[in-house]
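Written below as structure tokens is the structure these notes are about.
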2 protein chains.
Amino acid sequence: MKFKIDYQSNTLVDQVEESILDYIKRNKLVPGDSLPNEMALTTEIGVSRNVLREALSRLRMLGIIQSRTNRGIIIQEPSLFTGFEKVIEPHLLSESTIIELMKLRIVLEIGLTDLLFKHLNDNYISELERIVLSHEAVNYNLTLEQETEFHNKLYQITGSEFLISFQKIIHPVFVYAKNNYDNYFAPTNERLRAEKKLITHKDLFNLIKARDMEGYRMAIKLHLATYSDFIEKKTEK
Amino acid sequence: MKFKIDYQSNTLVDQVEESILDYIKRNKLVPGDSLPNEMALTTEIGVSRNVLREALSRLRMLGIIQSRTNRGIIIQEPSLFTGFEKVIEPHLLSESTIIELMKLRIVLEIGLTDLLFKHLNDNYISELERIVLSHEAVNYNLTLEQETEFHNKLYQITGSEFLISFQKIIHPVFVYAKNNYDNYFAPTNERLRAEKKLITHKDLFNLIKARDMEGYRMAIKLHLATYSDFIEKKTEK
DNA sequence: ATAATATATTTGTACTACAAATAGTATAAA
DNA sequence: TTTATACTATTTGTAGTACAAATATATTAT
């Protein structure tokens, strides 16, 4: 099956990129299969090698293809998050995007409860305990690193590779948020503390240790109230 | 601040791409700011225009920059999922990747429960009812489209733009899974039916209508048992 | 002051050229 | 015959030149 061009697309490079992706899909190519070499592709598609290579360069970046001298172009399994990762630069993101990422994190972190308790074992519990105790020893207000260390461990326990990657990738956004929106976060924390509803990592840990899944689910929701409140305040306008 | 090159990277294009991304980050550029034009960049970085343009082409694809004749290169807010979307082609993905995506979907769909009930209103309920009734009228086994229609609506109700996009993007993987792994799914469904634990969309709907959040949470978990069982079977080996 | 025109700049595309890597082939040596 | 070595051809990676198309800016005309 040949290469088709959709002339709607913006530039030639866009068209060629789309055409090659389409070719891979229609021919159901799988990792290990190869694409025609650059010369063949230029004549086949009818563009300059320059344009072709820009399109190939994009696919190479995404990990869909791999090129090697005198071997040609080989399809490979892309890693799903490369593109996503490159794009997560907090300064480039609007507030609404950051809010959407917060929503996503809340959903994930509540949703991973089942997986967390499923994979939980005594080893993990003692690792969590170590983290909680070491932080408790220091201070009332946790540093960002401490905050992160605890939550990372939760993701790790789920054993889901994607959850772990995802968390790692969006982490800088939360660092940024902490630095930029703390004037929003602080009052919420004050209020929760006053109402005795502030859920600390220690509280979460105790529920985990007691294997109280439903209790944990309630608690993690409250623990993330800082973000929910922020979302609320920002979106009610 | 100038452009730095990490000579570790694979090709020159990789180095230039990294260098430009790094430049954007270090200088805290925001959407609307502009990059030096191509000529300036080539001399600054010390590569041919060809190589430079391959790197720029990648960033353009990700939506990080936008180029216009006689205006130069302008930073813009990328859409977070463009890269991810291009890479979701089921034939290119290994089974373990598909399993990871299933895990992610289960976590998301359980996790969105709170958001779902928060945004729930009578309108949504009647929309869901319409869907459920129309499907019930037809047959016992739902088509893929019907399956999708119901779940899409759940995502829509959450009002989270990212959840909706994410669901749309990974959907083809589940179509693919349905077609390829139905020999795994069918027995699970049979078993659940025999044990009277099969949760239909109607069951889910009734819980939603009754605003029984905790009941729903249990139920959606069971409803997704087809996937959990598949994951279990595949990973125990 | 406004409209029309001209000019300069910048990106988009094409083409040529050659270096570097490497798969495949031919040759030499055991 | 087998193995090691050298050679050849192919293919990607990089550089450079050229020009068309778009458009911002400057200039001129009304």
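This is a predicted model, so every value here is computed, not measured. Naming: A, B, ... by sequence-line order, numbering from 1 per chain.
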Legend entry - Closest contact, heavy atoms only, Phe185(A) versus Ala177(A): CE1-O, 3.9 Å

Inset, instruction - Tell me which residues in residues 55-66 of chain B put a heavy atom below 4.0 Å from DNA chain D, sorted by number, or none. - result: none

Inset, instruction - May I have the distance from Asp14(A) (atom CG) to dT11(C) (atom C1'), rounded to whole angstrom? - result: 14 Å

Inset, instruction - Find the distance Glu54(B):CD to dT12(D):C1' and express it as a whole number of Å. - result: 10 Å

Please write out the pairs of protein N or O atoms and N or O atoms of nucleotides 20-23 of chain C separated by less than 3.5 Å, giving the distance to one decimal.
from    : atom 1 : to       : atom 2 : distance (Å)
dT22(C) : O2     : Asn70(A) : ND2    : 2.7
dA23(C) : OP1    : Arg68(A) : NH2    : 3.4
dA23(C) : O4'    : Asn70(A) : ND2    : 3.2

Inset, instruction - Give a yes or no on this: more than 12 heavy atoms of other residues, nucleotides or ligands lie within 6.0 Å of atom NZ of Lys168(B). - result: no

Legend entry - Results of ring pair (Phe, Tyr, Trp, His ring centres under 6.0 Å) for His91(B) - residues two or more places apart only: Tyr176(B)

Inset, instruction - Pull out every residue in residues 44-53 of chain A that has a heavy atom closer than 4.0 Å to any atom of DNA chain C, ordered by number, or say none. - result: Val47(A), Ser48(A), Arg49(A), Asn50(A), Val51(A)

Inset, instruction - Sequence neighbours left out, what pairs pass salt bridge (charged side-chain N to carboxylate O under 4.0 Å, His left out) with at least one residue falling in residues 106-120 of chain A? - result: Arg105(A)-Glu109(A), Asp114(A)-Arg217(A), Asp114(A)-Lys221(B), Lys118(A)-Glu232(B)

Inset, instruction - Output yes when a side-chain donor or acceptor of Asp33(A) lies under 3.5 Å from a complementary backbone atom of Val30(A), and no otherwise. - result: yes

For nucleotides 4-7 of chain D, give me every protein contact, N/O to N/O, under 3.5 Å, one pair per line with atom names.
none

Inset, instruction - Anything under 30° is parallel, anything over 60° is perpendicular, the rest tilted; go ahead and classify Phe166(B) against Phe166(A). - result: perpendicular

Inset, instruction - Indicate yes or no: at least one non-hydrogen side-chain atom of Ile231(B) is less than 4.5 angstrom from one of Ile106(B). - result: yes

Polar atom pairs (N or O), protein with nucleotides 3-7 of chain C, under 3.5 Å:
none

Legend entry - Mutual orientation of the aromatic rings belonging to Phe230(A) and Tyr181(A) [parallel < 30°, tilted 30-60°, perpendicular > 60°]: tilted

Inset, instruction - Could you run through DNA chain C and flag its stems, i.e. three or more consecutive Watson-Crick or G-U pairs with both distances under 3.5 Å? - result: C:1-30 with D:1-30

Inset, instruction - Drop me the distance from Leu21(B)'s CG to Leu29(B)'s CG, to the nearest 0.5 angstrom. - result: 11.0 Å

Legend entry - side-chain hydrogen bond (donor to acceptor under 3.5 Å, both in side chains) contacts in which one or both residues fall within residues 79-88 of chain B, not counting sequence neighbours: Glu17(A)-Lys86(B)

Legend entry - All ring pair (Phe, Tyr, Trp, His ring centres under 6.0 Å) counterparts of Phe117(B), not counting sequence neighbours: Tyr216(B)

Legend entry - Interatomic distance, Leu154(A) atom CG to Leu120(A) atom CG [nearest 0.5 angstrom]: 10.0 Å

Inset, instruction - Flag yes if more than 12 heavy atoms outside Lys4(B) fall under 6.0 Å of its NZ atom; otherwise flag no. - result: no

Inset, instruction - Sequence neighbours left out, what passes ring pair (Phe, Tyr, Trp, His ring centres under 6.0 Å) with Phe150(B)? Give chain and number order. - result: His201(B)

Legend entry - Closest heavy-atom pair and its distance - Ile164(B), Gln156(B): CD1-CA, 3.8 Å

Inset, instruction - Give, ordered by number, those residues of residues 29-42 of chain B having at least one heavy-atom distance below 4.0 Å to an atom of DNA chain D; if nothing qualifies, reply none. - result: none

